[in-house]
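To start, the structure under review is shown below, and the notes come after it.
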Amino acid sequence: MTSSSDVAVLMYHSVATSSTPAFSDFVVSPERFETQIHALAVAGFTSITMSHLAAARAAGVALPEKTIALTFDDGFLDFAENALPILQAHDFTATLYMTTRFIGGRSRWLAPEGEADRPMLSWADLETLAAGGVEVGAHSDTHPQLDLLAPQVLARELMVPKVTLEDRLGVPVTSMAYPFGYSTREVRQMTAHLGYTNGCVVSDVVSSGDDHPYSTPRLTVTGSHSAADVVLMSGRASTRQERTKALLRHHASRGLRRAGLKKKESAALSRSLR
Ligand SMILES: [Zn+2]
């Protein structure tokens with residue numbers, strides 16, 4: 001059971017039919033996505049955006065028990081083409097985290113995964129999405145590991161998407177998802193300082209009302225999750241043990257990356273710690 005302060009924040013990336021093996025964990029087929037979203041609707045879940053979740057928690061406003069947040073990282077064109085029609089058909093809203101440098105272009109930062117050519121959403125797409133009630137949040141400018149950056153570079157990576165998106169779209173941009181989920185106290189403090197109200201990490205636990213708003217955990221959804229898996233993970237509060245394990249994984253992964261291991265090697269090692 002969950003209490004009203006527990007909210008599962010689901011993390012998706014791409015809703016598409018194909019991917020390289022290295023990127024397959026981040027791609028859910030449209031058919032599978034439809035079954036997952038349909039099952040959540042049938043189970044009685046309703047959705048809110050991340051800025052609404054942050055505002056409700058800050059104000060101490062209780063949310064309906066079966067509230068979830070659906071988030072989409074990176075800003076792939078397939079969000080508009082494949083995910084949005086399914087979300088709309090089930091009355092779900094979403095938060096979309098944009099990597100601003102690649103808007104209207106291709107996913108160049110994914111070259112190591114062999115996925116440098118995924119088409120990204122354009123500014124025109126984003127205007128339509130924002131006008132249609134999708135929350136547009138920030139996911140840095142160039143998708144670096146924020147926790148390893150010098151302060152000035154970090155400030156730029158956090159500020160550019162906020163200023164650029166607000167300027168072009170005319171909407172407040174108050175939600176941030178740290179690329180790869182990596183953050184430090186410095187990253188979170190600067191995120192708050194720049195006017196964001198919340199920040200998302202990735203730690204595969206359900207978010208509770210006690211979470212720091214700039215370390216809101218998210219649950220990774222992959223194409224191998226069945227509809228039943230997604231309903232189960234969304235409707236159950238995480239235990240203290242699961243939270244501790246998630247924290248240990250986070251620290252281990254950061255230690256390995258700082259020790260100079262490449263992203264892929266440290267990701268594999270941190271997966272083996274699960
Ligand atoms: Zn990302």
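Each ligand, and each atom within it, is numbered from 1 in the order the structure gives.
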Check your understanding: Got Ile103 and Leu165 here, is their nearest side-chain heavy-atom distance under 4.5 Å?
Key -> yes

Exercise for review: Could you please tell me which protein N, O or S atoms lie under 2.8 Å from the Zn ion (ligand 1)?
Suggested key: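 You should have found Asp74 OD1, His139 NE2, His143 NE2.
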
Check your understanding: Does the side-chain hydrogen bond (donor to acceptor under 3.5 Å, both in side chains) test come out yes or no for Asp125 and Ser122, once each step is laid out?
Key -> CA-CA 5 Å; Asp125 295 326; Ser122 69; 3.0 Å; yes

**Study point:** Donor-acceptor contact below 3.5 Å, side chain Ser215 vs main chain His212
**Key:**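 Not a single qualifying donor-acceptor pair exists.
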
Practice item. Would you check if the distance from the ring center of Phe33 to the ring center of Tyr12 is below 6.0 Å? Key: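 Yes - the distance between ring centres of Phe33 and Tyr12 falls below the 6.0 Å cut-off.
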
With a cut-off of 3.5 Å and sequence neighbours excluded, list every side-chain donor-acceptor pair involving residues 68-79.
| from | atom 1 | to | atom 2 | distance (Å) |
| --- | --- | --- | --- | --- |
| Thr71 | OG1 | Leu10 | O | 2.8 |
| Thr71 | OG1 | Arg218 | NH1 | 2.9 |
| Asp73 | OD1 | Arg218 | NH1 | 2.7 |
| Asp73 | OD2 | Arg218 | NH2 | 3.0 |
| Asp74 | OD1 | His139 | NE2 | 2.9 |
| Asp74 | OD1 | His143 | NE2 | 3.2 |
| Asp78 | OD1 | Val15 | N | 2.9 |
| Asp78 | OD2 | Ser14 | OG | 2.6 |

Check your understanding: Is it the case that Thr142 and Arg101 place a side-chain donor and acceptor less than 3.5 Å from each other?
Key -> no

